[in-house]
Trainee: 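Starting off with a structure, shown below.
A, B, ... follow the sequence lines: proteins, then strands. Residue 1 opens every chain.
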Amino acid sequence: DSGVTQTPKHLITATGQRVTLRCSPRSGDLSVYWYQQSLDQGLQFLIQYYNGEERAKGNILERFSAQQFPDLHSELNLSSLELGDSALYFCASRAGEGSGNTIYFGEGSWLTVV
Amino acid sequence: TQLLEQSPQFLSIQEGENLTVYCNSSSVFSSLQWYRQEPGEGPVLLVTVVTGGEVKKLKRLTFQFGDARKDSSLHITAAQTGDTGLYLCAGHIYNQGGKLIFGQGTELSVKP
């Protein structure tokens, strides 16, 4: 158990819909990362937050947004869903931003868009 | 464009054989990690290398960071069936803060 909790674990929804994925980082970890993993793209970095502020942005679509709340949990919002958005979405957390800080991954949220 | 090129993508070997997985980039990394991922689970960190030329050993696994901090390798000696899984390299690009970029992964299958 990494200490990073993601909900829901599985989600099936229709195209055009909107979903919210939730992440609770490890206790005390200030940094939260979101990744998308699909068979053909591997693990793609979406976005990082540090103590409530957006720190780095990757290949995140405009239909997707995220935020980190004062209690440090984070949500990833996916809207106008398309079939190609079906993937495993991982949240990860890290204590700080130093090179020595380990990033811990949650078990992921499986999203299937039908 | 894949910043971190991992090779090979697939590897199927017999138990007892040795293997090496490579991770290459044109970018300099402040640190580089190797992860192992089981189906349906998140990646689990195996090792972090920080210094150019650094070599770390974890039982039968040897990790090396290139002198220029642009590449890394993972060598497994006498592979066992329990080593089967997806191996991922990931790096923090120098001067890009906390952003962690992953390679495509190497799917290793060790047959008895």
Side-chain angles (χ1 to χ4, degrees), chain A residues 1-6 9-10 21 23-26 29-51 53-60 68 87-110 112, chain B residues 1-10 21 23-25 27-52 54 56 58 63 65 69 72 85-107:
Chain A
D1 182 7
S2 67
V4 179
T5 304
Q6 288 187 247
K9 288 200 180 339
H10 299 274
L21 308 180
C23 170
S24 293
R26 291 172 73 239
D29 282 1
L30 297 176
S31 203
V32 168
Y33 299 75
W34 285 99
Y35 285 85
Q36 179 192 58
Q37 188 175 36
S38 55
L39 284 174
D40 57 342
Q41 292 288 320
L43 259 168
Q44 297 291 314
F45 170 73
L46 296 179
I47 198 164
Q48 180 212 354
Y49 282 83
Y50 181 82
N51 203 19
E53 292 187 5
E54 182 183 305
R55 193 66 123 201
K57 220 167 185 175
N59 303 322
I60 187 166
Q68 186 180 26
L88 188 52
Y89 291 84
F90 284 107
C91 170
S93 76
R94 189 184 191 198
E97 292 191 307
S99 300
N101 293 127
T102 300
I103 293 180
Y104 294 89
F105 282 79
E107 293 188 346
S109 292
W110 277 100
T112 303
Chain B
T1 303
Q2 193 69 26
L3 284 178
L4 266 173
E5 296 289 340
Q6 212 173 316
S7 62
Q9 275 191 278
F10 301 95
V21 177
C23 186
N24 295 293
S25 176
S27 301
V28 176
F29 293 94
S30 55
S31 70
L32 197 138
Q33 288 96 49
W34 285 92
Y35 290 81
R36 181 175 159 183
Q37 186 178 15
E38 301 286 350
E41 297 181 10
V44 175
L45 180 69
L46 295 174
V47 77
T48 298
V49 285
V50 178
T51 307
E54 184 175 2
K56 279 192 174 178
L58 190 67
F63 305 87
F65 201 13
R69 291 186 292 150
S72 181
L86 178 66
Y87 290 83
L88 297 153
C89 66
H92 285 99
I93 297 176
Y94 186 71
N95 274 347
Q96 287 196 25
K99 190 173 175 179
L100 183 67
I101 304 298
F102 279 82
Q104 287 281 67
T106 295
E107 189 71 56

Trainee: Tell me, with the steps shown, if A/Phe90 and B/Tyr35 meet ring pair (Phe, Tyr, Trp, His ring centres under 6.0 Å).
Mentor: CA-CA 14 Å; A/Phe90 284 107; B/Tyr35 290 81; over 10 Å; no

Trainee: Counting only non-hydrogen atoms closer than 4.5 Å, does A/Lys57 touch chain B with its backbone (N, CA, C, O), its side chain (CB onward), both, or neither?
Mentor: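 Contact with chain B is through the backbone of A/Lys57 alone.
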
Trainee: List for me each residue that meets side chain to side chain donor-acceptor pair (under 3.5 Å) alongside A/Asn59, sequence neighbours excluded, and say none if there are none.
Mentor: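 Per chain and number, A/Asn59 pairs via side chain to side chain donor-acceptor pair (under 3.5 Å) with A/Gln44.
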
Trainee: To the nearest 0.5 Å, how far apart are CZ in A/Phe105 and CG in B/Leu88?
Mentor: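 With rounding to 0.5 Å, CZ (A/Phe105) is 8.5 Å from CG (B/Leu88).
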
Trainee: Among B/Thr48, B/Leu100, B/Leu45, find the one that has a side chain to side chain contact (heavy atoms under 4.5 Å, CB included) with A/Ile103.
Mentor: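 For A/Ile103, the side chain to side chain contact (heavy atoms under 4.5 Å, CB included) check succeeds only for B/Leu100.
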
Trainee: Tell me, side chain or backbone of A/Gln37 under 4.5 Å from chain B's heavy atoms, or both, or neither?
Mentor: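 Contact with chain B: side chain only.
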
Trainee: So do A/Tyr35 and B/Pro43 actually touch side chain to side chain, heavy atoms under 4.5 Å?
Mentor: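 Sidechains of A/Tyr35 and B/Pro43: no contact.
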
